[in-house]
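So the structure is just underneath, and the comments pick up after that.
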2 protein chains.
Amino acid sequence: MRADARRNYDRLLAEAGEAFARHGIDASLEEIAKAAGVGIGTLYRHFPARQDLIVAVLRDSIDALLAEGERLREEEPGEALRVWLHAQIAHMATTRGLCAELIIGLKDPASPLYGTCHLITASGDALLRQAQDAGVARPDLTIQDLVKSLNGIAWVAERFPDDPGQADRLLSLLLDGVRVRPALHEV
Amino acid sequence: MRADARRNYDRLLAEAGEAFARHGIDASLEEIAKAAGVGIGTLYRHFPARQDLIVAVLRDSIDALLAEGERLREEEPGEALRVWLHAQIAHMATTRGLCAELIIGLKDPASPLYGTCHLITASGDALLRQAQDAGVARPDLTIQDLVKSLNGIAWVAERFPDDPGQADRLLSLLLDGVRVRPALHEV
DNA sequence: AAATATACGGAGGACGCCTCCGGTTATCAA
DNA sequence: TTGATAACCGGAGGCGTCCTCCGTATATTT
């Protein structure tokens, strides 16, 4: 990689991080290029799709999340799952529109986010299974549905930025359910 | 209202219904105007904001939903709530992007959907309270959080059109919770 | 039939995405 | 040091969408 290319790549990454944080993940790519002092063509050469830019920006925080998932396997299963869920929600709350992008990455093998999303899912799957084996989580629940519910919660919370407790309340509801007495074999 | 205006209004409504059903609620307004054989200016005069068009298109189905809510007050509380939740989900699944629009209408008093959304919420509130009084729904749950969860589920399901059971599974999960034994006073 | 209130249409400015290619520059070999 | 060349850069331009504005046309009324 040529030195000038590297320089531009780094600048773009920095400005993209800034822009995503400020304007959400749909920030204007032309703005990002301009802020990086680079033509729009250069941005597209380095990051052919918006998702490529996203994965690059998020790499560090996602690595941290995966490490946390690893660590939690040593904890008490029920609590480990709860903490993991909170961590996921908190991460998605980091950037407006992120949950929408992640849910696309979850189902579209062509998305640059596909691999990452499935690593996260696998990380959660281990914790869910532990909880199920310990008898503290419904045995018929799949990690796919759990992750989707999580995305849904993050999506909702994103729309109520004035209510900081929103995501936690919805997550608690998901954990405990609407019904007072759960009826496992009713549905 | 002048006769030609009325004619154009009706045509726009019909074409909008068609377009929303086919392309989702973000369908191009210029396309709708063209399909109705009308200038874009005419569309904007009749429906200054996209939401005005949406409420007009949805009026009938929402009236039906409200009537159903009314009817359900006569049923057994727990079952009534469950049916109502399913009906809401089914309605949102009608049009791609609808749940996103509704959740905006829920919080923004300036939105043309505000009134409608709160009528629906009120309708659900009656059923939730009945269920709570009957001891079959968590007493600390608010209708606001319940409706938001519903929107989240609809949003997720919208992204998995190939999985028709998606919404129902997530709704069941919401009803019964992740945990096997709910811990009411734990959170 | 004339007057008037009402409604129509689409040009045009703004913005965002993405492609394409003529011009520039870093790098390496001689 | 000096070409040669492969790699890289920039932004104009085509496209689609939103929304506004105002000169023109037409329904309605007197």
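To find a chain, count down the sequence lines: A is the first, B the second, and so on, and within it residues start at 1.
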Kindly give the atom pairs (protein nitrogen or oxygen, nucleotide nitrogen or oxygen) under 3.5 Å for nucleotides 1-8 of chain D.
{"residue": "D:dA7", "atom": "N3", "partner": "A:Arg2", "partner atom": "NH1", "Å": "2.6"}

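Within the structure, side-chain hydrogen bond (donor to acceptor under 3.5 Å, both in side chains) pairs that include any residue of residues 120-133 of chain A comprise A:Trp84-A:Ser123, A:Asp125-A:Arg129 (at least two apart or interchain). Applying the side-chain hydrogen bond (donor to acceptor under 3.5 Å, both in side chains) test to every pair with at least one member in residues 26-48 of chain A, sequence neighbours left out, gives no pairs at all.
Residues satisfying the side-chain hydrogen bond (donor to acceptor under 3.5 Å, both in side chains) criterion with A:Glu15, sequence neighbours excluded, are absent altogether. Partners of B:Asp108 under the side-chain hydrogen bond (donor to acceptor under 3.5 Å, both in side chains) rule, at least two apart in sequence or in another chain, do not exist in this structure. Applying the salt bridge (Lys or Arg N to Asp or Glu O under 4.0 Å) rule to A:Arg169 yields the partners A:Asp163, B:Asp145; only residues at least two apart in sequence or on another chain are considered. Checked against salt bridge (Lys or Arg N to Asp or Glu O under 4.0 Å), B:Glu18 has the following partners two or more places apart in sequence or in another chain: B:Arg22. For A:Glu79, the side-chain hydrogen bond (donor to acceptor under 3.5 Å, both in side chains) test picks out A:Arg82, with sequence neighbours left out.
A:Arg179 pairs in a side chain to side chain contact (heavy atoms under 4.5 Å, CB included) with only one of the listed residues (B:Val136, B:Leu175, B:Leu81), which is B:Leu175. With A:Asp4 as the fixed residue, the salt bridge (Lys or Arg N to Asp or Glu O under 4.0 Å) test singles out one of A:Arg2, A:Arg6, A:Arg7: A:Arg2.
Across all non-hydrogen atoms, the minimal contact from A:Leu12 to A:Ala33 is CD2-CA, 4.1 Å.
A straight line from CD1 of B:Ile40 to P of D:dC19 spans 9 Å, rounded to a whole angstrom. Rounded to a whole Å, the CG atom of A:Asp26 is 17 Å from the P atom of D:dT17. Protein atom OH of A:Tyr9 is 13 Å distant from nucleotide atom P of D:dC9, rounded to whole Å.
Rounding to the nearest 0.5 Å gives a distance of 14.0 Å between NZ of A:Lys107 and CD of A:Gln144. Going from atom CD1 of A:Ile143 over to atom CG of A:Leu146 covers 4.5 Å, rounded to the nearest 0.5 Å.
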Using residues 52-66 of chain B as the side-chain source, report each donor-acceptor pair under 3.5 Å to any protein atom, sequence neighbours left out, with the distance given to one decimal.
{"residue": "B:Asp52", "atom": "OD2", "partner": "B:Ala49", "partner atom": "N", "Å": "3.0"}
{"residue": "B:Ser61", "atom": "OG", "partner": "B:Leu58", "partner atom": "O", "Å": "3.0"}
{"residue": "B:Ser61", "atom": "OG", "partner": "B:His91", "partner atom": "NE2", "Å": "3.1"}

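Taken residue by residue, residues 97-113 of chain B places no heavy atom nearer than 4.0 Å to DNA chain C. Non-hydrogen atoms lying under 4.0 Å from DNA chain C are contributed by A:Leu29, A:Glu30, all within residues 29-39 of chain A.
Between B:Ser28 and the phosphate of D:dG16, there is no side-chain N or O to OP1/OP2 separation shorter than 4.0 Å.
The outermost nucleotides of DNA chain C lying under 4.0 Å from heavy atoms of chain B, listed 5' to 3', are C:dA5 to C:dA11.
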